[in-house]
Structures are given as structure tokens and as C-alpha cells.
Amino acid sequence: MRLSAYFLPLLRENPTEAQIVSHRLMLRAGMVRQSSAGIYSWLPLGFRVLQKVEQIVREEQDAAGALEVLMPTIQPAELWRESGRYEDYGKEMLRITDRHEREMLYGPTNEELITDIFRGAVKSYRDLPRNLYHIQWKFRDEVRPRFGVMRGREFLMKDAYSFDLDAKGAKHSYNKMFVAYLRTFARMGLKAIPMRADTGPIGGDLSHEFIILAETGESAVFCDKAWLQTDVLGTDVDFNGDLEPFFKKWTSLYAATEEMHDPKACPVPEDQLVSARGIEVGHIFNFGTKYSKPMKAVVSGPDGAEIAVEMGSYGIGVSRLVGAIIEACHDDAGIVWPESVAPFKVGLINLRAGDEKCRTAADDFYKKLNAAGVEVLYDDRDESPGVKFSAMDLIGLPYQVVIGPRGLDKGVVEFKSRRDGKREEMSPEAALNRLST
RNA sequence: CGGGGCGUAGCUCAGCCUGGUAGAGUGCCUGCUUUGGGAGCAGGAUGCCGGAGGUUCGAAUCCUCUCGCCCCGACCA
């Protein structure tokens, strides 16, 4: 992509409304624009990141055997009356009346809808287990939206729902998602710690929140100091095998959210306990028959008797993750994207747009990168070098290739790694080689 | 939902107290000179001063109402 033809409205100064670093950087880097409180438009650069995050989530859900569907954002109120949550949810639910005076709502989550779909289609234990997920916009009318996309009212969420015949199967489904989540966040370069969590209004008895430690986090969390030195799972897993060892391993070290943390009962000695702030990026629940019973999601068992299915739900805040990644990956100059979610892999800077030799060399390098399938943002604008350097640092692409008259005379380009700031001179071929691998 | 604050140029903000021609920096446009970490000079464009009422000869400024946004707290993927 040529920057001269791109839509990248950068801000030189910090907008006053943005108080935390990810919000500031997302606005300054031209990733999002606020539409109203807690509601954002995603501009090209931000949207690319959102889609990369979404794709990683999708791949890991698929790998764990979950099946993607797409449910609507608007749901009928009746379903929520069946589960009893229509009244419970209160003002956080955006309620809508259509032209026929029918009560509708903008979905804050989808347990009711998925249960309705499931009960209409599955009648036999033979069709279990199943896990259905979708990645869809949700709306929760938060009292106080804040922190940019980290606590918006409208947000993109992956929510998966598992259906099993019995508690043992349900635990296996839970473990699958548990492991898939470890892999998902690890792929994004994040250390997300699974913590025992309160089930809240979703219900149930088994629940983990996946928390990224960050000073700006909204939740108070407690964990064993050893977690700080522990790497998260990144290896391949057989999802059909026994996952309980993985679950045990990644829950053996103490980690709990504030609601679940009891200082008196805590097994970790005080000097070994970390008290920190965290960002919740995922939350998994096993809630048994909380919805299947009132909504009559039942199957015939082997003996012909009706059995209410055991359910779980599994959420990842996809749009929140974009902010969370920036909270975890930035420096004074701007964002430092992990390669897996970077909007482009490399920023190509032509230092002298007006110089024939530079332009030819840069155009040529750009063509070769494209041919090699390397995602590149090419700054071909006629701007001063300082402007280009700072813009490229701000948007945080993992690598920069600088082509200027000084290097060209020696037949080299400059290759810079954003993360450590190291710059090396090398031939264009060598730089191309580095980037295509 | 309680408490606090802010709405003036694309952005950051001054002006408001004490009513009298709409401002600065930055960005934007044009031209020239520049060019390895946010360049220089010259010229130029940009505002229903959030909205509605009111007071006044006269309102960005005073009063009333209203809408929006932000922050702290309680609540939450």
C-alpha cells in the first residue's frame, strides 16, 4: 500500500479525551475515530489489526473443533423472557421496539439465541458434543464507557457455546476452550494468565478469566510471583486427547481475580503473592443446565430419557484485544506491534520522494516486496525525513526499510527493527530476504 | 447512578471573571528554498464560540434550560 493513496489521519498531538496510552495511540495512529461515547469507527489501519486479531481467534477456535456461525445483532425479547434474563439485565441492555411494537434488543451476548437454535435442531445425544461460535458486534449500554475500545458500549466479541451430554463431556469442552485461549493469546504475543473468576450473571460454578497484567487494567488481580517468569503455552495440542494435564498445569500456580481472592484462604505466602492490575481479554464459563433447563434444550439419551444439555460459554473481547495489545506493546515513540497482528509487516520509507534515483530504487523494492507477498506500507510522500520516521514509529510496524541517497551511493538500504530500534545497513536483496522469510 | 469538569479553527488551547471588530501555536492550501529524526521564508483559507431561550443598545463572555463529551467512584466482555 502506498501511503500517498492511503487513509491514515495521524494526529500530532494527544487528544484530551484519551487518558490511557492505547486510546491515545489508536487515535493518534489513525486507527479509530470516536462516533459517540463508547462507539468507534475503525479506520483502515485499525481495521486491518482488528481483522488480524479476529483471524487468529478464528483459527484457534476452528483448531479446537468449534464451528463458526453468524447470529444477528438484533434479537427478540421473548427468548430472554424464557431464560428470565430480560428483566435481570437492566439498563445495560439496549431495548428496541420495531414498527409492529414488537420488543427487540441489541444483543449483549447470545446464550438465549444459540440455545434456541440448538434446541430446534438437535434432538439426540448422538449429535453431541457440539461447539458453535461467532464473531459479532455486541452492545452493552455501559454506565461509563471509557479507555477507548477497551470499554466501549459497542464491541466485537467472539462467543462460543458448547453443548454436552454430561458434566464430564462439558469439562472436556471447557478444557478445549481453555487450551485454545492459551494458544490464541500466545500467538498475539500476550501473556494472558488464566485466573479463577466469579461467574456473575452468566451463572455456573466453573469459570476462568484470561488476564493481561497492565497498570491500566480495570480489575485488581492476585497471582503467584512465579507467573511472571512463566511463559504461556505456544505448542501444538491434540484437542481430541486428554486435555486435563494442560488444564492442571496452567492452573497449578495460584491466580485469582479480586472477587475470588480470599486473603485468609490464599495458599500463596504473602511475599510470593503479586497484587496487580489486569485487563480481561477472555472469560470462559461452565454453567451446566442454567439455560437448557428453562429453555428446554433437551436431547434423548441412550435409554430414551430426556436430558437437559450441559452448556458452557466462552468469550474473547476481540476489539478490546487491539487496545490490550497496545497497552502491552508500546514505547515513547508509539506502538510496537507483535508481527502476528501488525497491520503491515514492514514500512518502506523513501527519504527523497523528489529524487529520481531514490524513487526508482524504492519503487523497485516495493514491487519486489509485493511480489514476495510481504505486507508493506510504502511512504512515498513528499515529506521531510523526520516526519516520515516519526510517523512510521508511531504506527509501529515491526520493520522499517529506509531508502535514501546516502545509502544508495553505497548500494545499501537501512533495515530497522521497531522493537529494539536496531538499524543495519544491507543490500536490498538481503533486506528482501529477511522480510520474505 | 452519585460527585466533578469541559464544549471557541482539523488538533492543542487562550479569550469569559470585568459584555463592545474572533485569537495563538500546530495542521491545511500556494510558491520558493530545503531534505538521514516532527525544516525555513513569504502569501492564503478555515469558525452558527455545542443548541435553544432570556437580560442588554450590544452576548463567546451574564442568566435559565437543554444536548454532548471527559474524569473520579459504584457496576461491567
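Residue numbers start from 1 in every chain, and the chains themselves are labelled A, B, ... in the order their sequence lines are given, proteins ahead of strands.
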To the nearest angstrom, how far is Arg146(A) atom CZ from rC1(B) atom P?
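These atoms are roughly 16 Å apart.
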Gap in Å between the two [atom1] atoms, one belonging to [N] and one to [M], rounded:
N       : M       : atom1 : result
rC67(B) : rG50(B) : C1'   : 8 Å
rU12(B) : rC6(B)  : C1'   : 14 Å
rC62(B) : rU21(B) : P     : 16 Å
rG53(B) : rA59(B) : P     : 13 Å
rA24(B) : rU18(B) : C1'   : 23 Å
rG73(B) : rG58(B) : P     : 47 Å

Aromatic plane relationship, Tyr174(A) with His208(A) - under 30° parallel, 30 to 60° tilted, over 60° perpendicular
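The arrangement is tilted - the two ring planes meet at 30° to 60°.
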Does rG31(B) have a Watson-Crick or wobble mate here (both distances under 3.5 Å), and if so which one?
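Here rG31(B) is engaged in a pair, and the nucleotide opposite it is rC41(B).
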Taking pairing as Watson-Crick or G-U wobble with both contacts under 3.5 Å, can you name the mate of rC6(B), or confirm there isn't one?
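The answer is rG68(B), by the H-bond criterion.
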N/O-N/O pairs, protein side and nucleotides 31-35 of chain B side, under 3.5 Å:
unit_1  : atom_1 : unit_2    : atom_2 : d
rU35(B) : O2'    : Arg352(A) : NE     : 2.7
rU35(B) : O2'    : Arg352(A) : NH2    : 3.3

Is it true that Asp363(A) and Lys367(A) make a salt bridge, defined as a side-chain N closer than 4.0 Å to a carboxylate O?
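No, this pair does not count.
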For the pair Lys290(A) and Glu111(A), find out whether any cationic side-chain nitrogen is under 4.0 Å from an anionic carboxylate oxygen.
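So Lys290(A) does not pair with Glu111(A) through a salt bridge.
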For Tyr89(A) together with Trp80(A), are the ring centres under 6.0 Å from each other?
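Ring-ring flag for Trp80(A)/Tyr89(A): true, centres closer than 6.0 Å.
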So, for Tyr254(A) and His261(A), is the gap between ring centers shorter than 6.0 Å?
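Tyr254(A) vs His261(A): aromatic centres under 6.0 Å.
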Mind checking if [X] touches a base, just sugar-phosphate, or nothing, with heavy atoms under 4.0 Å?
X         : value
Glu17(A)  : sugar-phosphate
Glu209(A) : nothing
Gly404(A) : base

Report yes or no: is there a donor-acceptor pair, N or O only, under 3.5 Å between the side chain of Glu414(A) and the base of rG36(B)?
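Checked by distance alone, the answer is yes.
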Counting only distance, no hydrogens or angles, is the base of rG4(B) paired donor-acceptor with the side chain of Arg144(A) under 3.5 Å?
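Check fails, no donor-acceptor contact within cut-off.
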How about Phe210(A) and Ile284(A): do any of their side-chain heavy atoms sit closer than 4.5 Å?
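They are in side-chain contact.
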Using nucleotides 13-16 of chain B, report all nitrogen or oxygen pairs with the protein that are shorter than 3.5 Å.
unit_1  : atom_1 : unit_2   : atom_2 : d
rC13(B) : OP2    : Thr16(A) : OG1    : 3.2

N/O (side chain, Gln19(A)) to phosphate O (OP1/OP2, rC72(B)) under 4.0 Å:
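Gln19(A) to rC72(B) OP1/OP2: no side-chain N or O under 4.0 Å.
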rC1(B) OP1/OP2 closer than 4.0 Å to side-chain N/O of Lys91(A):
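Checking rC1(B) against Lys91(A), a side-chain N or O does come within under 4.0 Å of OP1 or OP2.
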Among rU26(B), rC75(B), rC1(B), find the nucleotide with the atom closest to the side chain of Arg12(A).
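Nearest to the side-chain atoms of Arg12(A), counting from C-beta on, is rU26(B).
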